[in-house]
Amino acid sequence: MSHIAARQEEVIAEFQMFPTWMEKYEYIIELGKELEGFPEQERKEENIISGCQSKVWLTAEKRENGLIHFHADSDAIITKGMVSLMLRIFNDQPGSEIVAADMNFLTTIGLLENLSQTRSNGLAAMIKQIKTYGFLLQ
Amino acid sequence: MSHIAARQEEVIAEFQMFPTWMEKYEYIIELGKELEGFPEQERKEENIISGCQSKVWLTAEKRENGLIHFHADSDAIITKGMVSLMLRIFNDQPGSEIVAADMNFLTTIGLLENLSQTRSNGLAAMIKQIKTYGFLLQ
Amino acid sequence: MSLDQDIAHIRKEFPILHQKVRGASLVYLDNAATTQKPQAVIASISSYYEQYNANVHRGAHYLANLATDAMEKSRDAIQHFIGATHREEIIFTQGTTDGINLVAHAWAMTHLKIGDEILVALSEHHANIVPWQQVCKKTGAILKVIPLNPDGTWVADWKTYINAQTKLVSVGWVSNATGVVHPIHEMVEQAHNAGAKILVDAAQAVSHFPLQVAQLNCDWLVFSGHKLFGPTGIGVLFGKLDLLNAMEVYRTGGEMIKKVSFEGTTFQEAPLKFEAGTPHIQGIIGLGEAIRWFSNVGWEWIHKIEMQQIEWMKSVTAEVKALHWIGESERKTALYSFWSPQFHHADLGELLDQQGVAIRTGHHCTQPLWDAWNMSGTARASFALYNNEEDTVQLQKSLIKSIQLLIG
Amino acid sequence: MSLDQDIAHIRKEFPILHQKVRGASLVYLDNAATTQKPQAVIASISSYYEQYNANVHRGAHYLANLATDAMEKSRDAIQHFIGATHREEIIFTQGTTDGINLVAHAWAMTHLKIGDEILVALSEHHANIVPWQQVCKKTGAILKVIPLNPDGTWVADWKTYINAQTKLVSVGWVSNATGVVHPIHEMVEQAHNAGAKILVDAAQAVSHFPLQVAQLNCDWLVFSGHKLFGPTGIGVLFGKLDLLNAMEVYRTGGEMIKKVSFEGTTFQEAPLKFEAGTPHIQGIIGLGEAIRWFSNVGWEWIHKIEMQQIEWMKSVTAEVKALHWIGESERKTALYSFWSPQFHHADLGELLDQQGVAIRTGHHCTQPLWDAWNMSGTARASFALYNNEEDTVQLQKSLIKSIQLLIG
Ligand SMILES: Cc1ncc(COP(=O)(O)O)c(C=O)c1O
Ligand SMILES: Cc1ncc(COP(=O)(O)O)c(C=O)c1O
């Protein structure tokens with residue numbers, strides 16, 4: 001199992017601990033608050049992922065170890081929590097694995113069924129951008 | 001009772017003799033065939049009543065006796081029958097009475113309920129034109 | 001009967017309201033986006049298709065006559081409902097947006113020229129901005145904008161924005177962003193004094209108070225059926241008859257012609273002139289039924305329930321002070337836009353949704369307003385005649401729970 | 001199962017067919033004007049309004065998500081049904097007329113110039129003539145017309161009407177006046193060889209054979225939902241994606257914008273670009289359901305029943321020789337236009353209607369054709385997949401009785 005798949009399993013296990021929507025959202029909001037600081041100079045139009053109701057900024061760099069490191073942020077806290085979840089899974093992985101990753105864990109954690117259409121469109125756009133970076137920085 | 005109202009009563013009585021749609025239409029078609037000849041030189045655009053699916057020509061003249069005489073024709077035989085029915089009622093009457101006439105006999109003879117929308121629009125247009133002539137030639 | 005019983009009675013007629021959403025009872029407060037439909041409207045659609053569906057006007061058969069009759073009776077019902085002088089002044093469109101586009105193409109595009117001015121207000125819906133921008137691009141006319149006070153009303157000197165260059169005023173009667181009711185009667189007078197024509201966007205007005213277009217004396221007025229308890233895909237353009245007949249054609253094709261030949265084609269008068277192609281017969285019939293149903297409820301009661309809803313909401317806004325409530329003007333409909341500098345309206349909306357409370361968040365198609373106010377949008381709860389006290393109680397509870405979650 | 005049983009089965013799904021009209025069983029043969037709706041489509045409309053009516057796209061709540069999902073699933077169903085490459089190539093319109101007007105305004109008005117030629121055929125529906133006349137009036141382009149053979153087919157040398165000036169070909173695939181199926185595949189090739197774009201009016205084709213637009217390679221194609229067992233007020237414009245994105249906008253307003261400001265507005269890509277305002281959500285969902293239902297019946301069966309109907313009608317036309325039957329070409333749909341020099345088609349239609357047989361009479365929105373043929377129109381019986389042998393028997397009987405009455 002790839003690192004990414006393993007982390008997905010982790011996240012799924014974690015979410016299973018929260019039976020109610022409130023607990024799930026509480027956790028996501030917490031994740032949002034913990035997300036590491038986003039470099040101010042990168043908070044610009046070209047880093048915005050379109051397709052989300054709230055704004056999402058995403059940047060990526062290939063570090064010396066050959067792995068890809070993402071920075072992301074959002075002006076909405078729930079989105080920020082989702083972003084944080086994504087980064088936990090994808091951060092510091094090789095581009096090839098990012099591109100190859102299977103994303104159906106989102107359904108599995110029973111979050112997506114609670115998510116609005118706009119939200120899941122936004123997530124899809126985010127994943128697409130993450131994979132694009134993965135591909136470009138391979 | 002005015003002449004026009006009396007003739008309407010006559011027509012209603014006549015139609016009551018025909019219990020089926022077939023007989024009514026047979027009679028109307030017959031009326032259509034009997035309609036007096038329409039002056040060929042009057043068969044022109046400006047004498048056409050618009051609002052009918054088939055063409056209806058209508059002209060009127062005030063005769064020496066002060067009464068109004070109509071000529072009419074149609075390229076469809078059922079329409080021609082309806083026209084003929086109209087003329088039987090309105091022909092050779094004073095303009096004032098034509099203008100004042102009550103037209104709900106059309107419903108009474110149980111014909112209108114059988115008539116299509118286009119047909120009754122056409123009839124309404126025809127009556128309007130007859131009344132206009134009645135008014136103008138008073 | 002008590003108000004409570006009356007509402008309960010009305011709610012019974014709306015099948016959609018009686019359902020659980022994510023385990024909670026649905027609280028539908030997105031009525032400014034679209035209203036729900038009473039059983040009578042739904043049934044009118046089914047019986048149209050089950051009993052007398054046919055193409056209209058060209059009709060030479062029984063079903064076609066029934067369909068044509070029903071369609072034209074709807075036109076009569078609408079004429080009566082909005083107080084128009086002639087039935088021919090009622091044009092069926094796809095909705096408010098389509099109606100405004102029709103006037104833009106069939107009148108403004110050919111009647112305006114360089115330097116002419118079109119006047120709108122800052123709070124207009126995009127549907128009442130973008131078509132005029134297109135007109136300006138093609139004709140060289142200029143789009144002028146009435147600014148707003150912080151409470152969402154037009155600035156006090158709004159009349160000074162009308163001048164000799166103003167050829168068209170196009171304003172929303174009620175703002176879908178703030179619920180504010182604007183002084184349209186005065187505006188019609190001012191526009192006409194300046195020799196300008198005036199179009200009224202009544203999308204958010206039509207279900208709240210009588211329009212009385214002949215008395216109002218506006219040149220055009222538009223609204224959507226789906227915001228008046230009617231079906232989607234159908235709307236109304238009212239226009240003064242002479243003006244309609246003097247306008248260019250817009251969509252062309254069947255039904256709107258007198259005679260087609262390759263040498264030249266002639267057109268019908270209004271309303272047919274603007275109704276090219278097979279109409280949305282079912283939508284027209286459904287809208288007619290919606291208007292009959294709505295008229296049966298009656299303005300008196302509609303006014304009463306709206307005043308009551310505003311009363312209920314006073315306690316909500318007083319309790320939930322953590323939020324900023326905008327558009328608290330004197331003359332407003334029961335529509336509440338709110339926001340917080342601390343959290344995003346999208347977060348609020350998502351958490352309310354989890355609790356079965358349906359509101360709308362975002363820019364509500366009035367981006368210029370939020371840009372001017374330096375905001376990214378709001379959350380908006382908008383009421384219709386079936387929203388009861390329980391709905392406001394649930395809204396308040398869910399708001400408080402959401403805020404608790406967000407501030408953690 | 002036998003064909004009889006199959007039809008009986010299908011007829012059961014259409015509530016409207018089982019009624020008496022003026023004492024006789026309804027024989028509905030006006031399907032080229034509009035088709036009837038199966039119970040599944042009617043039910044899809046009711047359940048939309050009873051369960052998940054909401055405004056789409058802007059959605060931040062549960063019902064809005066359901067509505068948006070259902071709407072976009074319909075787009076997928078249509079894409080699949082007509083064989084388009086991209087889902088974004090499916091634009092929702094009001095109908096065929098609206099789709100043609102869209103292309104006329106958003107492409108032809110700005111892409112054609114003096115001396116350019118638009119090519120149509122003599123038998124086009126007014127919806128495929130008048131918009132081009134308007135384009136010619138504004139741009140100075142010239143409308144060219146392919147004449148017809150007496151059987152309703154294009155003249156043998158139709159290819160010579162395409163030349164270097166031809167910028168747009170816009171032709172009906174199946175004539176609603178004659179039922180003739182025109183050689184559209186060849187026409188697409190010829191148009192493209194000449195560097196022209198081609199729009200296909202598939203209003204009368206869509207329910208008779210598979211369109212396969214990607215394979216056909218046309219630039220645009222239009223049809224109406226109401227002629228495909230779907231609701232009124234909804235239609236489809238297919239366009240090649242690059243072309244759609246290169247076109248101007250048409251109706252403007254909400255949903256089709258990226259960003260609105262008074263300094264300048266930017267637009268979405270297709271399909272949203274062309275879908276301003278609240279869509280006809282219910283119509284879109286109903287059309288999706290119609291397509292699912294129709295696909296379930298399947299092309300094989302649809303072909304079989306149509307061949308059978310043509311067979312049945314051979315005996316009618318042979319028996320009723322007193323009438324002139326036109327459009328008896330080799331490649332035709334089950335649509336029969338007929339007339340007599342002795343009596344008016346309106347008389348025929350009225351007498352058929354008295355016997356419960358619904359057909360259409362008049363010019364069928366193809367006036368130039370009748371003018372060229374020196375006729376005032378025809379009576380027209382047009383079939384759909386639920387018309388059985390009994391319908392043709394009743395048609396024949398009623399025709400004979402009507403003729404008897406008329407010749408007296
Ligand atoms: C060939 C053809 N084109 C266009 C149309 C117009 O379709 P609609 O009235 O649905 O816009 C029709 C139907 O009347 C038609 O038969
Ligand atoms: C004030 C106002 N104008 C115009 C519109 C557009 O209406 P529709 O989307 O029905 O065309 C709306 C609704 O969204 C509105 O609230």
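The basis for the numbers below is simple: all heavy atoms, side chains too, and nothing from hydrogens, waters or symmetry mates. Worth saying up front: this structure is predicted, and the values here are computed from it rather than measured. Quick note on labels: first sequence line is chain A, next is B, and so on, each numbered from 1.
The heavy-atom pair separating C/Ser261 from D/Gln133 by the smallest distance is O-NE2, 2.8 Å. Between D/Gly254 and C/Cys365, the closest heavy-atom pair is CA-SG, 4.0 Å. Residues D/Phe267 and C/Val130 approach most closely at CE2-CG1, 3.7 Å, considering heavy atoms. Considering all non-hydrogen atoms of both residues, D/Tyr62 and C/Asp353 come closest at N-OD1, 2.9 Å. Among all heavy-atom pairs drawn from D/Pro368 and C/Phe262, the shortest one is CB-CE1, 3.6 Å. Minimum heavy-atom separation, C/Gln36 to D/Tyr49: OE1-O, 4.5 Å.
Of all the listed residues (D/Thr366, D/Asp98, D/Leu17, D/Leu102), the one sharing the greatest number of non-hydrogen pairs under 4.5 Å with chain C is D/Asp98. Considering only heavy-atom pairs separated by less than 4.5 Å from chain C, the leading option among D/Ile100, D/Ile16, D/Val21 is D/Ile16. Interface summary for chain D: among C/Gly362, C/Ala372, C/Gly283, C/Pro231, the most heavy-atom pairs under 4.5 angstrom belong to C/Pro231. Interface check for chain D: of the options C/His364, C/His363, C/Arg251, C/Glu263, the most heavy-atom pairs under 4.5 Å are formed by C/Arg251. Counting heavy-atom pairs under 4.5 Å between each of D/Ala379, D/Ala127, D/Ala276 and chain C puts D/Ala127 at the top. Top candidate by heavy-atom pairs under 4.5 Å with chain C, chosen from D/Gly356, D/Gly253, D/Ala54, is D/Gly253. Taking chain D as the reference chain and counting heavy-atom pairs below 4.5 Å, the highest number among C/Gly349, C/Gly235, C/Pro131 is found for C/Pro131. The greatest number of non-hydrogen atom pairs below 4.5 Å with chain D, out of C/Ile42, C/Leu26, C/Val260, is found for C/Val260. In terms of heavy-atom pairs under 4.5 angstrom with chain C, the leader among D/Val120, D/Ile284, D/Asp371 is D/Asp371.
The contact between D/Ile257 and chain C is made entirely by side chain atoms (from C-beta outward), counting heavy-atom distances below 4.5 Å. Residue D/Val41: no heavy atom, backbone or side chain, is found under 4.5 Å from chain C. Proximity to chain C is limited to the backbone of D/Gln51, based on heavy atoms less than 4.5 angstrom apart. If you measure heavy-atom distances from C/His105 to chain D, the contacts under 4.5 Å come from the side chain alone. Contacts between D/Thr35 and chain C at a heavy-atom distance below 4.5 Å involve the backbone alone (N, CA, C, O). With a threshold of 4.5 angstrom between heavy atoms, C/Asn128 does not approach chain D through any atom at all. For chain D, the nearby parts of C/Gln282 are the backbone and the side chain; heavy atoms of each come within less than 4.5 Å. Proximity to chain C is absent for every atom of D/Lys137, based on heavy atoms less than 4.5 angstrom apart. Looking at D/Tyr250, both its backbone and its side chain come within 4.5 Å of chain C, counting heavy atoms on both sides.
Note that CD of C/Glu275 is 12.5 Å distant from OG1 of D/Thr97, once rounded to the nearest 0.5 Å. Put simply, NZ on C/Lys37 and OH on D/Tyr48 are 7.0 Å apart, with the number rounded to the nearest 0.5 Å. Here CG of D/Leu63 is found 5.5 Å from CD of C/Gln19. Values are rounded to the nearest 0.5 Å.
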Is there a side chain to side chain contact (heavy atoms under 4.5 Å, CB included) between C/Thr34 and D/Thr278 once you walk through the steps?
CA-CA 9 Å; C/Thr34 201; D/Thr278 302; 5.6 Å; no
Evaluate the side chain to side chain contact (heavy atoms under 4.5 Å, CB included) criterion for residues D/Lys259 and C/Gln367: first the C-alpha distance (whole Å), next the side-chain angles of each, then the deciding distance (0.1 Å), finally the verdict.
CA-CA 7 Å; D/Lys259 172 76 194 164; C/Gln367 288 181 349; 3.5 Å; yes
Would you sort out whether D/Asn53 and C/His226 count as a side chain to side chain contact (heavy atoms under 4.5 Å, CB included), showing the intermediate values?
CA-CA 10 Å; D/Asn53 170 61; C/His226 71 94; over 6 Å; no
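Checking D/Gln134 against C/Thr252 by side-chain atom types alone, no donor-acceptor pair falls below 3.5 Å.
Partners of D/Asp30 by side-chain hydrogen bond (donor to acceptor under 3.5 Å, both in side chains), not counting sequence neighbours, listed by chain and number: C/His61, D/Arg360.
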